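If you're wondering where the values come from, they're calculated on a predicted model, not measured in any experiment.
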Amino acid sequence: LVQRLDEAGVLDDTIVYASSDMGDPARHSSRSVPTLLVGGGARFKTGRYIDLRTADGEGVPNNRVLVSICQALGLRIERFGHAADPSITTGRLEALFA
């Protein structure tokens, strides 16, 4: 798919998002969820592996990946989803745009 998008010259205008809903299904854990973003070169800095864990091993909520994708596509949103703690659903991943 990605090769054909590139051959067609539309990969920079396309974002392919692939992820799992669990980082460790045996533990039903949503920590360390593998996520792959391909394309979006016109908006995202590409060709990188980004480890988003903090010093204490915590990661960032997946909602921020979704906010980032929406913003890269031109949508003016600051949050994706609902949670008791708004920091979970609010903000984009600046590392994607760097």
Side-chain angles (χ1 to χ4, degrees):
L1 171 67
V2 173
Q3 182 177 357
R4 290 204 174 156
L5 290 168
D6 192 33
E7 290 168 357
V10 297
L11 188 57
D12 280 351
D13 297 319
T14 305
I15 297 172
V16 178
Y17 169 74
S19 186
S20 174
D21 58 344
M22 292 281 136
D24 183 350
R27 293 184 175 165
H28 201 72
S29 171
S30 59
R31 294 179 186 265
S32 299
V33 176
T35 301
L36 178 69
L37 290 175
V38 179
R43 294 161 194 90
F44 294 145
K45 184 176 177 186
T46 60
R48 305 174 295 151
Y49 169 85
I50 304 171
D51 185 344
L52 296 171
R53 289 176 291 189
T54 60
D56 62 2
E58 292 294 317
V60 296
N62 190 52
N63 301 63
R64 292 187 185 170
V65 173
L66 300 173
V67 168
S68 299
I69 291 170
C70 289
Q71 288 183 1
L73 295 173
L75 299 173
R76 293 182 158 187
I77 69 163
E78 291 297 323
R79 63 182 285 153
F80 194 97
H82 301 281
D85 178 357
S87 70
I88 293 172
T89 59
T90 305
R92 72 182 196 173
L93 294 175
E94 294 299 328
L96 293 176
F97 296 90

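- A distance-only check finds a donor-acceptor pair linking the side chain of Ser19 to the backbone of Pro34 [under 3.5 Å].
- Within the model, atoms CZ of Arg43 and CG of Asp12 stand 8.5 Å from one another, a figure rounded to the nearest 0.5 Å.
- Annotation for Gln3: atom CD does not count as buried by contact number, only 12 or fewer foreign heavy atoms lying within 6.0 Å.
- With rounding to the nearest 0.5 angstrom, the CD atom of Glu78 is 8.0 Å from the OG1 atom of Thr90.
- The two residues Gly39 and Thr46 come nearest to each other via the heavy atoms O-CG2, 3.7 Å.
- Atom CD1 of Ile15 sits about 12.0 Å away from atom CG of Leu5, to the nearest 0.5 Å.
- Cluster annotation: Val60 is connected to Leu96 through the hydrophobic network of ILVMFWY side chains, with a link wherever side-chain heavy atoms come within less than 4.5 Å.
- When atom types are taken as modelled, the side chain of Arg64 and the backbone of Leu66 share no donor-acceptor pair closer than 3.5 angstrom.
- Here the CG atom belonging to Leu11 is positioned 14.5 Å from the CZ atom belonging to Arg4, to the nearest 0.5 angstrom.
- With rounding to the nearest 0.5 angstrom, the CG atom of Asp13 is 10.0 Å from the CG atom of Leu73.
- In terms of heavy-atom proximity, Pro61 sits nearest to Ser87 at CG-O, 4.3 Å.
- Between Asn62 and Val33, the closest side-chain pair of non-hydrogen atoms is not below 4.5 Å.
- No chain of hydrophobic side-chain contacts below 4.5 Å, direct or via other Ile, Leu, Val, Met, Phe, Trp or Tyr residues, connects Ile69 to Leu1.
- Following chains of ILVMFWY side-chain contacts shorter than 4.5 Å, one can reach Leu52 starting from Val67, so the two form part of one hydrophobic cluster.
- In the hydrophobic clustering of ILVMFWY residues, with side-chain heavy atoms under 4.5 Å counting as a link, Val65 and Leu36 come out apart.
- Residues Leu37 and Tyr17 have side chains in contact (heavy-atom distance under 4.5 Å, counting atoms from C-beta outward).
- Between the CZ atom in Arg79 and the CD1 atom in Ile77 there is a gap of 10.0 Å [rounded to 0.5 Å].
- No continuous path of hydrophobic side-chain contacts links Phe97 to Val38 [ILVMFWY only; heavy atoms under 4.5 Å].
- The shortest non-hydrogen separation linking Phe44 to Ser68 is CZ-O, 3.8 Å.
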